[in-house]
Asker: 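Handing you a structure now.
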Amino acid sequence: MQPPWVNFPNLRYNNSDLENISREIVVSIFVNESGYVEYAKVVKSTGIDKLDKMVVKALKSGSRTKIFKQNGKPIRFKALQKFELRTNQ
């Protein structure tokens, strides 16, 4: 499941960060009752450690998902988020 984002992660990278190759990353995220990412772990790496860390940092820096509720109360949840990082042609 990919979460519905209220504030999508601000991913800033350039072609040199990608080593001129489009990349993909999959991150497991744990979201708190307020919709903020508390924890993020790379499940499928881009192959570039610095780039993986940048994505995790972006997820934990103000990104927010829709709040999920169960029986009227906000709940924590876990989700997988895939990002396709493309080079600028």
Side-chain angles (χ1 to χ4, degrees):
M1 169 183 104
Q2 290 192 6
W5 293 99
V6 174
N7 292 337
F8 194 78
N10 186 11
L11 303 176
R12 294 182 184 214
Y13 57 90
N14 56 44
N15 285 353
S16 64
D17 294 329
L18 297 171
E19 296 179 357
N20 297 312
I21 300 171
S22 293
R23 309 251 176 196
E24 183 178 284
I25 184 171
V26 178
V27 184
S28 177
I29 60 171
F30 297 87
V31 178
N32 67 21
E33 296 88 347
S34 298
Y36 291 99
V37 176
E38 280 188 357
Y39 177 77
K41 179 181 179 183
V42 175
V43 176
K44 180 183 177 196
S45 173
T46 61
I48 302 172
D49 190 54
K50 178 181 169 184
L51 197 56
D52 292 352
K53 288 177 181 176
M54 183 271 302
V55 171
V56 168
K57 182 178 179 180
L59 280 162
K60 294 167 64 177
S61 298
S63 301
R64 188 167 178 231
T65 70
K66 176 183 174 189
I67 297 172
F68 284 96
K69 294 183 179 182
Q70 188 172 43
N71 298 324
K73 295 181 181 179
I75 60 168
R76 302 171 75 170
F77 67 92
K78 178 181 176 182
L80 288 177
Q81 178 64 55
K82 176 180 168 182
F83 295 98
E84 293 181 5
L85 310 176
R86 303 210 180 269
T87 59
N88 296 325
Q89 302 297 330

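Computed from a predicted model, the values in this text were never measured in an experiment.
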Asker: Take S28 and L80 through the side chain to side chain contact (heavy atoms under 4.5 Å, CB included) test and state the conclusion after the steps.
Answerer: CA-CA 5 Å; S28 177; L80 288 177; 3.8 Å; yes

Asker: To the nearest 0.5 Å, what is the distance between CG (L85) and CG (N14)?
Answerer: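 Going from the CG atom of L85 to the CG atom of N14 covers 11.5 Å.
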
Asker: Which atoms form the tightest heavy-atom contact between Y36 and S63, and what is the distance?
Answerer: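 Of all heavy-atom pairs spanning Y36 and S63, the closest is CD2-O, 3.4 Å.
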
Asker: Could you give the distance from CD1 (I25) to NZ (K44), rounded to the nearest 0.5 Å?
Answerer: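 The distance works out to 10.0 Å.
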
Asker: Would you name the heavy atoms of V37 and A40 that are closest together and state the gap between them?
Answerer: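 That would be CG1-CB, 4.3 Å.
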
Asker: Is there a donor-acceptor pair under 3.5 Å between the side chain of R64 and the backbone N or O of V6?
Answerer: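 Here the side-chain-to-backbone pair does not exist.
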
Asker: Could you tell me which non-hydrogen atom of K78 sits nearest to which non-hydrogen atom of F30, and how far apart they are?
Answerer: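 Nearest pair, atom of K78 first, then F30: CD-CE2, 3.5 Å.
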
Asker: Find out whether P3 and V31 are in side-chain contact, i.e. whether some heavy atom of one side chain is under 4.5 Å from a heavy atom of the other.
Answerer: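 The answer is no, as the side chains (C-beta and beyond) never meet within the 4.5 Å cut-off.
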
Asker: Under the 3.5 angstrom rule, does the side chain of D52 hit a backbone N or O of T46 as a donor-acceptor pair?
Answerer: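 Yes, the answer is positive, given that a donor and an acceptor are paired below the 3.5 Å cut-off.
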
Asker: Using every non-hydrogen atom in the two residues, find where W5 and Q81 come nearest and quote the distance to one decimal.
Answerer: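 Closest pair (atom of W5, atom of Q81, distance): NE1-OE1, 2.8 Å.
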
Asker: Assess the residue pair I21 and R23 against the criterion (side chain to side chain contact (heavy atoms under 4.5 Å, CB included)); give the C-alpha distance rounded to whole Å, side-chain angles, the decisive distance to 0.1 Å, and a yes or no.
Answerer: CA-CA 6 Å; I21 300 171; R23 309 251 176 196; 4.0 Å; yes

Asker: Sequence neighbours excluded and cut-off under 3.5 Å, please list the side-chain donor-acceptor pairs for residues 53-62, or say none.
Answerer:
unit_1	atom_1	unit_2	atom_2	d
K53	NZ	D49	OD2	3.1
S61	OG	K57	O	2.7

Asker: Quick check: closest heavy atoms across D17 and R12, and the distance to 0.1 Å?
Answerer: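 That would be OD2-O, 4.4 Å.
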
Asker: Say whether, by atom type as modelled, one donor and one acceptor occur between the side chain of S22 and the main chain of T87 under 3.5 angstrom.
Answerer: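 Looks like yes, one N/O pair under 3.5 Å.
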
Asker: Please list, one pair per line, the donor and acceptor atoms closer than 3.5 Å that link side chains of residues 66-75 to other protein atoms, with sequence neighbours excluded.
Answerer:
none

Asker: Check whether N15 reaches the backbone of N88 with its side chain - one donor and one acceptor, N or O, closer than 3.5 Å.
Answerer: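 Looks like yes, one N/O pair under 3.5 Å.
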
